[in-house]
Amino acid sequence: MDYQIVVIGSGPGGYVAAIRCAQLGMKTAIIEKYNTLGGTCLNVGCIPSKALLDSSEHFHAAEHTFKIHGIDINKPKVNLKQMINRKAEVVKQNVNGVDFLMKKNKIDVFHGLGAFVDKHTIRVEGKETKQITTEKVIIATGSKPSVLPFIELDKERVITSTEALELKEVPKHLIIIGGGVIGMELGSVYGRLGSSVSVVEFLDRIIPGMDAAMGRELQKSLKGLGFEFYLGHKVTDVKKSGENVIVKAESNKGEIVELKGDYCLVSIGRHPYTNGLVLENAGVKADDRGRIEVDEYLRTNVENIYAIGDVVKGPMLAHKAEEEGVFVAETIAGQKPHINYHLIPGVVYTWPEVASVGYSEEQLKEQGRAYKVGKFPYKALGRARASMDIEGLVKILADKATDEVLGVHICGARAADMIAAGVTAMEYRASAEDIARMSHAHPTYMEAFKEAALAATENRPIHI
Ligand code: FAD
Ligand code: NAI
């Protein structure tokens with residue numbers, strides 16, 4: 001055999017799996033169909049979206065809050081071309097970083113479409129076609145945006161997140177179908193740069209995977225940015241008309257709305273991507289939703305083939321894919337790794353940010369579990385007042401009898417980084433009182449975490 005491990009797909013699942021395999025002494029190769037490594041996350045996902053979120057946040061601050069801070073500037077103007085160029089530079093640094101890591105770990109990289117010939121042989125269809133043999137395969141081919149059958153994506157006016165990261169002008173009116181993570185993040189980018197943003201969401205709430213209080217809080221903030229929400233609306237038609245896009249939707253009360261915008265972002269979720277793999281040549285099974293079926297060891301129905309990341313069940317998140325990459329490498333090496341899927345945090349990088357781990361209040365109600373809630377608003381924090389970031393709250397859910405923390409939900413400045421403390425607390429099965437009795441530096445946003453824990457444990461926050 002040419003290799004012990006061949007990884008197909010170089011996203012955060014695939015490249016991390018390859019590195020861990022190489023660290024564990026396995027002769028490893030990785031196949032990527034695009035010219036750059038890093039997958040969705042580095043090229044058209046996490047990294048470029050955060051680059052634009054940061055740039056647009058600076059613009060928004062320059063336009064709205066500099067003055068209050070005592071900084072007088074002329075009215076700032078958006079230079080979208082430069083913003084997109086900077087984003088491209090950030091992407092380049094990151095994908096080059098993965099190249100470097102492959103070299104450092106002596107992982108052979110093949111650029112081309114990987115297709116199974118049989119369960120031990122992969123054909124790489126690139127500039128030239130090669131066949132490589134391997135003892136084991138890790139499939140990490142990720143996901144692609146989903147679309148409704150009646151929507152024709154022209155990728156110019158009717159677009160997915162990929163095109164939304166490359167626009168040449170700031171939309172006048174951006175219509176977003178789907179009030180999930182992508183819709184709220186990319187809607188925020190263009191909302192801050194001056195677009196009117198309308199969100200058409202099928203359910204009666206935005207970011208439906210999160211605790212409902214977080215969705216309400218974020219919706220309030222985004223309304224402040226000028227977003228219009230059409231919740232409980234089902235899109236029935238999307239048509240391009242010259243430089244406009246007309247979106248029709250029907251509310252759950254049967255009312256019809258018609259929206260006219262110049263761009264329409266379709267962000268209704270993503271689906272696993274296995275095109276071109278020719279799974280049947282290896283006998284690998286996918287389920288009815290196109291996800292590759294795996295057991296608790298992330299092994300497919302074919303004993304030498306594993307699958308990880310967006311192409312298998314579970315949340316479609318880069319850090320989940322990474323954990324699974326490490327898990328599979330260590331399992332193959334004979335170790336006994338573990339992933340606590342319950343404690344994979346979720347983050348929405350809007351302003352304010354939203355971050356969550358563990359159970360939501362709705363899930364606890366559904367389970368019939370007795371719980372306590374502790375909340376603390378950002379506006380009561382000295383640190384938040386100093387920076388004027390007073391929107392949001394920390395909410396901690398704890399077991400009524402044992403005080404064990406069952407869920408941490410944060411909407412507010414720096415929530416994305418703060419949630420790590422919630423993960424640590426829950427991983428070690430801390431009680432709310434454990435958190436409440438730890439010293440938290442003053443003045444920090446983390447004091448809201450301590451205060452929410454105080455509120456959960458004995459309903460005795462200090463500062464409200
Ligand atoms: P991917 O990253 O999709 O990588 C799969 C790779 O496999 C691709 O490079 C593809 O070209 C390659 N491939 C596919 N088929 C073949 C084949 N047959 N042969 C060779 N190569 C193949 N997640 C977060 O955790 N945080 C975020 O902030 C975040 N932001 C996001 C923003 C956007 C706009 C989007 C779209 C996604 C975001 N995500 C985020 C989700 C995250 O990008 C994915 O969960 C993650 O990339 C999944 O990693 P993966 O390795 O499973 O697959
Ligand atoms: P999503 O699953 O987050 O949201 C999709 C939304 O569209 C849901 O609210 C859903 O109810 C709604 N929807 C579905 N069909 C609809 C219809 N016909 N009409 C109106 N609304 C409809 O999916 P999204 O935003 O496309 O993101 C895809 C994935 O990418 C996410 O699951 C997430 O895991 C990942 N991602 C993660 C990010 C992060 O971690 N910060 C950022 C961006 C993406």
Side-chain angles (χ1 to χ4, degrees), residues 1-33 37 39-40 102 105 107-126 129-144 271-314 316 320-339 341:
M1 298 272 174
D2 299 324
Y3 293 98
Q4 283 171 287
I5 305 286
V6 167
V7 181
I8 309 179
S10 72
Y15 86 75
V16 169
I19 292 174
R20 191 71 188 114
C21 286
Q23 283 177 342
L24 291 163
M26 296 175 231
K27 189 169 184 227
T28 307
I30 191 163
I31 307 174
E32 171 53 54
K33 71 174 187 163
L37 303 180
T40 305
M102 296 300 106
N105 287 284
I107 296 162
D108 289 342
V109 176
F110 294 90
H111 284 284
L113 185 76
F116 281 101
V117 175
D118 60 45
K119 65 180 188 174
H120 287 291
T121 314
I122 320 271
R123 192 174 56 243
V124 186
E125 297 160 5
T129 299
K130 282 197 189 88
Q131 229 161 259
I132 51 178
T133 53
T134 178
E135 284 169 26
K136 294 194 165 59
V137 182
I138 303 174
I139 302 172
T141 48
S143 63
K144 291 279 178 204
H271 61 271
Y273 182 72
T274 54
N275 290 5
L277 272 178
V278 204
L279 288 176
E280 54 278 18
N281 283 353
V284 173
K285 278 197 209 143
D287 67 15
D288 53 357
R289 291 164 67 181
R291 300 177 298 194
I292 294 182
E293 278 178 21
V294 285
D295 63 14
E296 72 265 40
Y297 301 104
L298 296 167
R299 193 165 35 201
T300 68
N301 60 307
V302 180
E303 139 284 322
N304 69 316
I305 303 179
Y306 295 76
I308 59 172
D310 281 10
V311 80
V312 302
K313 65 185 178 211
M316 289 185 167
K320 178 260 194 185
E322 289 184 31
E323 293 303 327
E324 291 187 334
V326 170
F327 177 93
V328 164
E330 294 181 350
T331 301
I332 291 172
Q335 299 183 359
K336 301 257 178 296
H338 173 69
I339 298 177
Y341 282 97

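Quick caveat, the model's predicted, so the values are computed rather than measured.
Taking 4.5 Å as the limit, every side-chain heavy atom of Arg289 sits out of range of all side-chain heavy atoms of Lys313. Two residues are said to be in side-chain contact when any heavy atoms from C-beta on lie closer than 4.5 Å; Leu279 and Ile139 meet this criterion. You'll find the side chain of Asn281 stays beyond 4.5 Å of the side chain of Asp118, heavy atoms only. You'll find the side chain of Val6 stays beyond 4.5 Å of the side chain of Phe110, heavy atoms only.
With sequence neighbours left out, the salt bridge (Lys or Arg N to Asp or Glu O under 4.0 Å) criterion links Glu125 to Arg123. With sequence neighbours left out, Lys27 forms a salt bridge (Lys or Arg N to Asp or Glu O under 4.0 Å) with no residue at all.
Between the side chain of Asp310 and the main chain of Pro272, no donor-acceptor pair closer than 3.5 Å is present.
Here the CZ atom belonging to Phe116 is positioned 10.5 Å from the CD atom belonging to Glu280, to the nearest 0.5 angstrom. Between Ile122 atom CD1 and Ile31 atom CD1 the span is 5.5 Å, to the nearest 0.5 Å.
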Could you pull out all donor-acceptor pairs under 3.5 Å where a side-chain atom in residues 327-335 meets a protein atom, sequence neighbours excluded?
from	atom 1	to	atom 2	distance (Å)
Glu330	OE2	Arg20	NE	2.7
Glu330	OE2	Arg20	NH2	3.0
Thr331	OG1	Phe327	O	2.7

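Taking all atoms of both residues into account, the shortest heavy-atom contact from Gly325 to Ile308 is CA-CD1, 3.6 Å. Residues Met102 and Ile30 approach most closely at SD-CG2, 4.1 Å, considering heavy atoms.
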*For Tyr273 and Val311, run side-chain contact (heavy atoms from CB on, under 4.5 Å): C-alpha distance rounded to whole Å, both residues' side-chain angles, the deciding distance at 0.1 Å, then the answer.*
CA-CA 6 Å; Tyr273 182 72; Val311 80; 5.7 Å; no
*Please walk me through it: do Asn301 and Val284 pass side-chain contact (heavy atoms from CB on, under 4.5 Å)?*
CA-CA 6 Å; Asn301 60 307; Val284 173; 4.2 Å; yes
